[in-house]
> 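Structure in structure tokens, see below.
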Amino acid sequence: MSIHPFRRAALAVTAAVLLPLALSACSQESTSKQGAGAPDAVSSPEPLGGTGAAAGDPFGPACASVPKTGAGSFDGMAEAPVATAASNNPALSTLVAAVKKAGLVDTLNNAQDITVFAPTNDAFAKIPKADLDKVLADKETLTKILTYHVVGERIAPDQLGSGSFQTLQKGMINTMGSGNDYTVNNTSKVVCGNVPTANATVYIVDTVLMPK
């Protein structure tokens with residue numbers, strides 16, 4: 001029985017010698033692993049979308065005309081709800097006027113995670129003036145047309161390649177294309193797409209979409 005104190009003493013001495021060595025080895029191994037993994041820790045993720053538009057990046061020829069700063073810039077639009085954001089873009093003034101006539105400003109601004117296919121002023125100019133004035137004066141018809149341009153979910157560019165989406169008007173729109181070249185309903189081209197606003201993703205199009 002008297003040998004136990006000596007065993008305990010021997011174990012304590014052994015532990016005192018080996019523990020610092022073990023801690024030193026672990027520290028060196030950890031430092032080595034951190035050094036090897038350092039580039040991954042600071043590297044940025046690869047953009048999504050391959051050779052097409054990266055996630056979050058607007059694309060299309062008309063994007064070049066968007067102001068670089070201010071409320072009408074991409075950064076400014078990203079901070080505002082969609083109807084307000086559109087009102088800050090001069091190329092969408094006819095659409096904004098139509099949205100106001102239909103009483104849809106609050107509806108669009110308060111919606112969550114929607115996609116708006118927004119016709120430019122030039123798109124509305126393709127409609128004969130007499131016909132456009134008639135539509136603008138008919139709130140029910142105007143509401144149907146405008147809500148046909150809105151989908152109740154955010155649509156990413158890679159979903160447009162061969163897509164079919166139900167609109168708030170309850171009709172369907174179809175999209176096709178690839179890279180930075182997309183068409184809606186075989187008639188309307190996306191001229192500036194993937195534009196972020198606070199509550200929506202906007203695809204600016206060159207032709208007004210008509211419900212079927």
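No experiment lies behind these values; they were computed from the predicted model shown. All residue numbers in this chain count up from 1 along the given sequence.
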> Given the rule that I, L, V, M, F, W and Y join up when any side-chain heavy atoms are under 4.5 Å apart, are L108 and L136 in one cluster?
yes
> Tell me every residue that passes side-chain hydrogen bond (donor to acceptor under 3.5 Å, both in side chains) with D133, counting only those two or more places apart in sequence or in another chain.
K129
> Test: ring pair (Phe, Tyr, Trp, His ring centres under 6.0 Å). Region: residues 145-172. Which pairs qualify, not counting sequence neighbours?
none
> Using the side chain to side chain donor-acceptor pair (under 3.5 Å) rule, collect all pairs that involve residues 61-89, keeping only residues at least two apart or in two chains.
T84-N109
> Could you tell me if the side chain of V190 sits less than 4.5 Å from the side chain of T183, heavy atoms only?
no
> Side-chain heavy atoms under 4.5 angstrom apart, residues restricted to Ile, Leu, Val, Met, Phe, Trp, Tyr: same cluster for L104 and L168?
yes
> Can you give the donor-acceptor pairs under 3.5 Å from side chains of residues 201-212 to other protein atoms, not counting sequence neighbours?
unit_1 : atom_1 : unit_2 : atom_2 : d
T201   : OG1    : R154   : NH1    : 3.1
Y203   : OH     : I155   : O      : 2.7
D206   : OD1    : K189   : N      : 2.8
T207   : OG1    : K126   : NZ     : 2.9

> Minimum heavy-atom separation for G72 to V66, with atom names?
O-CG1, 3.4 Å
> Count I, L, V, M, F, W, Y as connected when their side-chain heavy atoms are under 4.5 Å apart, and connections chain through other members. Are F74 and F59 then in the same cluster?
no
> Side chains of Q166 and V151: closer than 4.5 Å at any heavy-atom pair?
no
> Are the side chains of V184 and N174 in contact, using a 4.5 Å heavy-atom criterion?
no
> Identify the heavy atoms of L146 and A98 that sit nearest to each other, and give their distance.
CD1-O, 3.5 Å
> Determine which pairs satisfy disulfide bond (SG atoms under 2.5 Å apart) with at least one residue from residues 165-211, sequence neighbours left out, and list them in order.
C63-C192
> Would you say S93 and N121 make side-chain contact, with heavy atoms under 4.5 Å?
yes
> Would you check if E153 and Q159 make a side-chain contact, meaning some heavy-atom pair closer than 4.5 Å?
yes
> Name the residue from T115, T167, V150 that meets the side-chain contact (heavy atoms from CB on, under 4.5 Å) definition with I173.
T167
> Group every Ile, Leu, Val, Met, Phe, Trp and Tyr by side-chain heavy-atom contacts under 4.5 Å, then state whether V99 and F117 land in the same group.
no
> How about D131 and V135: do any of their side-chain heavy atoms sit closer than 4.5 Å?
no
> How close do A85 and M77 get, counting heavy atoms only, and between which atoms?
CB-O, 3.7 Å
> Roughly how far, to the nearest 0.5 Å, is CE of M172 from OG of S164?
3.5 Å
> Which atoms form the tightest heavy-atom contact between Y182 and L160, and what is the distance?
CD2-CB, 3.5 Å
> For N110 and V105, indicate whether the former's side chain and the latter's backbone hold a donor-acceptor pair under 3.5 Å.
no
> Who passes salt bridge (Lys or Arg N to Asp or Glu O under 4.0 Å) against D138, sequence neighbours left out?
none
